[in-house]
Protein chains: 2
Amino acid sequence: MDALELLIKHDIKPSVQRLAVMEYMLTHFTHPTVDEIYSSLSPAIPTLSKTTIYNTLSLFEEQGVVLYLGIDKKNARFDGNTSHHAHFRCKKCGKIIDIFNQKQEDIVIEGHPELIIDEVQTYYTGYCKACTN
Amino acid sequence: MDALELLIKHDIKPSVQRLAVMEYMLTHFTHPTVDEIYSSLSPAIPTLSKTTIYNTLSLFEEQGVVLYLGIDKKNARFDGNTSHHAHFRCKKCGKIIDIFNQKQEDIVIEGHPELIIDEVQTYYTGYCKACTN
DNA sequence: AACTAAATTGTAATTATTACAAATCTGTTT
DNA sequence: AAACAGATTTGTAATAATTACAATTTAGTT
């Protein structure tokens, strides 16, 4: 599925900027920050504003086409992969690794039938292989 | 276990400020922010500085006597309950609820024996009972 | 009492994010 | 093709959480 299709499917009107951000998210599953996205796209779209990146990602998140990650104290991070998976953050190098072998979480939390769950995020913290040696 | 014992057990030299913060965390399992802690303790300790709260919580977290929660976009939140449990945040009222009925997570992630896991945090997001009616 | 190291304080700096008004763009109607 | 309306983007300024840091205070030891 390409960027344009994805936007339309999620009721997002495409624009040059939105397509560029979506395209970036679909080719960089590195959980980028706003700054990283801005720095990467800015040369090709010289008029691009960082506010647009904030607006765009905020819209994308509302429409469920990207995931907001709160795993990093410093910056918001975003994930173009919205399928169910967890994340691991290395305390030393800061790298964030996808963890795919998760059982699908329950939609209802046992013992809390009164809560309506929209989203589940699991964050592991520790040391990656490169930082252990 | 009282505040003094806990600090000593975690190799933290007690001081008036540290004891006050620890005491607060042991009597307020509300996942407070730095500001909330500061505002609550400030009247009794008029010379208290907000920097001290930051320093103290940072030390407490390193020593494993409180948990840092990244569930709230705006502020850091802290939990004096370091036993294994998950958290739920209501999108509407912002309340954070403890979820205790979790199976103990594995120390090793299946498929990633190379990662050293120090911590696992699970954050649920959705709507609480009061905000659903 | 003097000394040393640690802890606390207060102010200033940093920085991510948001608010907002002006400018630009898109699509539609006349 | 011009005019218009609404949405989008932009740039700047404001906000606010956190950190840096130097000065002061405190606690413990000689």
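Proteins come first, then strands; the chains are lettered A, B, ... in the order of their sequence lines, and each starts at number 1.
The side chain of A/Y54 approaches C/dT17 more closely than any other nucleotide in the set D/dA17, C/dA19, C/dT17. Out of C/dT8, C/dC20, D/dT9, the shortest distance to the side chain of B/T56 is found at C/dT8. Closest contact between the side chain of B/S49 and the listed nucleotides D/dT19, D/dT10, C/dT9 involves C/dT9.
Considering only residues two or more places apart in sequence or on other chains, A/E23 meets the side chain to side chain donor-acceptor pair (under 3.5 Å) condition with none of them. A/H28 pairs by the side chain to side chain contact (heavy atoms under 4.5 Å, CB included) definition with A/Y24, A/T30, not counting sequence neighbours.
Residue-level contact check: A/K73 touches neither bases nor backbone, having no heavy atom under 4.0 Å from any strand. Counting non-hydrogen atoms under 4.0 angstrom, A/N55 reaches a base of the nucleic acid.
Using a 4.0 Å cutoff on non-hydrogen atoms, the parts of residues 3-17 of chain B near DNA chain C are B/K13, B/S15, B/Q17, ordered by number.
A cation-pi arrangement is not found for A/K92 relative to A/Y127, the charged atom failing to lie both closer than 6.0 Å to the ring centre and inside a 45° cone about the ring normal.
A salt bridge does not link B/E62 with A/K91: none of the charged nitrogens is closer than 4.0 Å to a carboxylate oxygen. A salt bridge is defined here as a Lys NZ or Arg NE, NH1 or NH2 lying under 4.0 Å from an Asp or Glu carboxylate O, and A/K73 with B/E61 meets this definition.
Residue-to-nucleotide proximity on DNA chain C shows that, of B/I45 and A/K50, the 5′-proximal contact is made by B/I45.
Of the residues A/F60, A/Y54, A/F78, the one that meets the ring pair (Phe, Tyr, Trp, His ring centres under 6.0 Å) test with A/Y68 is A/F78.
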